[in-house]
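Just so we're on the same page: letters track the sequence lines, and every chain starts at 1.
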2 protein chains.
Amino acid sequence: MPLFVGRYVNRIDKKGRVSVPKPFRDAFEGQSFNGLYVYPLFKFNAFEACGEEFMNRLSDSLDDLPMFSDEQDDLSVILESAHRLPFDPEGRVVLPAEMLKTAAITSQVLFVGRGQRFQIWEPKTYDANRGRAVERARARGATLRLRKSNGHEDS
Amino acid sequence: MPLFVGRYVNRIDKKGRVSVPKPFRDAFEGQSFNGLYVYPLFKFNAFEACGEEFMNRLSDSLDDLPMFSDEQDDLSVILESAHRLPFDPEGRVVLPAEMLKTAAITSQVLFVGRGQRFQIWEPKTYDANRGRAVERARARGATLRLRKSNGHEDS
DNA sequence: TAGTATCCCATTGACGCCCATAGGTACCCA
DNA sequence: TGGGTACCTATGGGCGTCAATGGGATACTA
């Protein structure tokens, strides 16, 4: 499965539709459901999107927690605030009004690849936060520890 | 089988009928019984709904508990207080009067997706509780340990 | 026979589908 | 290698269909 990489800015029309960048759309091929899932990043006023597989993993993980536990309730917030957005024949999705509001999206949408998932931002908001992230990384002399590769197979 | 995801608010009419959101209804397709099961959440004045499959799982889990134990008795209450609600031709269900009363539902019903099942709330009641859950999750720095998929492990 | 529970029909408003266009890119061919 | 052409992605708009809702008719039951 292709990874989500790179940044793309697309226009949003008055119906609330945005084209999902073609390279990102391709990563969803082979799903039983032709579309994506989005949920809020509580840390920022932005959203994250993923495919069916990841969402199922999330749901299964929640089921592993004891039923009726506080833990389960707290973490379910992601599922509760998620949206299932189908692609239209042109590969666009309709972003829910409530989403546009929290992210302060008006005319443009920024898609940010993050490997297994990607994020959805209002371009200016992203720039502001990204600037900070870069500074933090610099200040900290950021290093990245890679997982050792195990011959890589795919299931 | 599609997941229950997201929140939907629907109106309840004077006959006590509510439309179950179409995306949720779709998840019940292929069941021998065209409808859903509901049972009270003892922790809150709200209800949870699921399909046949999950109900069977629940019943099996009860059987795994020691016979005649307090635990078994307690959890059996779920099955005892459960209702089986059939869909009408338009995809609506009639919520039992007793349910409306405990949940303080009058004119609007909130459906909250939770993966394998979903919850039924009076909108305002939910808002009050959800606010707390989000804060708890944030405060705890809630991170979700995902079940491993294809050789992936979170760290 | 009154009350209740289904079913059927009608309305409306949102959403999905189809068509059309533009701009850019990749490809082909001379 | 330059130009031209065909394709494809992003975008806009019109229209039909379907989901949500309300009301009336009918069957069932106590």
Worksheet entry | Atom-pair distance (NZ on A/Lys22; P on D/dT11), nearest Å | 15 Å
Worksheet item: Of the nucleotides D/dA10, C/dG16, D/dG12, which has the atom closest to the A/Val94 side chain?
Response: C/dG16
Worksheet item: Which nucleotide in the set D/dT9, D/dA20, D/dG22 lies at the smallest distance from any side-chain heavy atom of B/Ser19?
Response: D/dA20
Item to complete: Look at the side chain of A/Arg92 and the base of C/dG16, then say whether one donor and one acceptor between them are separated by less than 3.5 Å.
Response: no
Worksheet item: For the side chain of B/Arg17 and the base of D/dG23, is some donor closer than 3.5 Å to an acceptor across the two?
Response: yes
Item to complete: Can you tell me the distance, in whole Å, between the CD1 atom of A/Ile12 and the P atom of D/dG13?
Response: 14 Å
Item to complete: Would you kindly give the CZ-to-C1' distance between B/Arg11 and D/dG22, to the nearest whole Å?
Response: 11 Å
Discussion item. The side chain of B/Pro89 is closest to which nucleotide in this list: D/dA20, C/dC7, D/dA10?
Written reply: C/dC7
Worksheet entry | N/O donor-acceptor pair, side chain B/Glu90 with base C/dC9, under 3.5 angstrom | yes
Worksheet item: How close or far is atom P of C/dA5 from atom CG of B/Leu85, stated in whole angstroms?
Response: 12 Å
Item to complete: Establish, yes or no, whether a centroid distance under 6.0 Å links the rings of A/Phe111 and A/Tyr126.
Response: no
Practice prompt. Measure the distance from CG on B/Asn10 to C1' on C/dA14 and round it to the nearest whole Å.
Written response: 13 Å
Fill in: Matching residue for B/Phe28 among B/Phe33, B/Tyr37, B/Phe87 - test: ring pair (Phe, Tyr, Trp, His ring centres under 6.0 Å)
B/Phe87
Worksheet entry | For atom CG of A/Asp26 and atom C1' of D/dC8, their distance in whole Å | 12 Å
Worksheet item: To the nearest Å, how far apart are B/Asp88 CG and D/dA25 C1'?
Response: 15 Å
Worksheet item: Are any of B/Lys14's side-chain N or O atoms less than 4.0 Å away from OP1 or OP2 of D/dG23?
Response: yes
Practice prompt. Verify the ring-centre separation between A/Phe68 and B/Phe44: is it less than 6.0 angstrom?
Written response: no
Worksheet entry | 5'-most by nearest nucleotide on DNA chain D - A/Val18 or A/Lys15 | A/Val18
Discussion item. If the test is side-chain contact (heavy atoms from CB on, under 4.5 Å), which one of A/Leu41, A/Val109, A/Thr102 qualifies with A/Phe47?
Written reply: A/Thr102
Worksheet entry | Charged N-O contact under 4.0 Å between A/Lys15 and A/Asp88 | no
Item to complete: Indicate, with a heavy-atom threshold strictly under 4.0 Å, whether B/Val20 touches base, sugar-phosphate, or nothing.
Response: sugar-phosphate
Worksheet entry | Short side-chain N/O contact from A/Arg25 to OP1 or OP2 of D/dA10, under 4.0 Å | yes
Fill in: Nearest-Å distance for atom pair CZ/P, residues B/Phe87 and C/dC7
13 Å
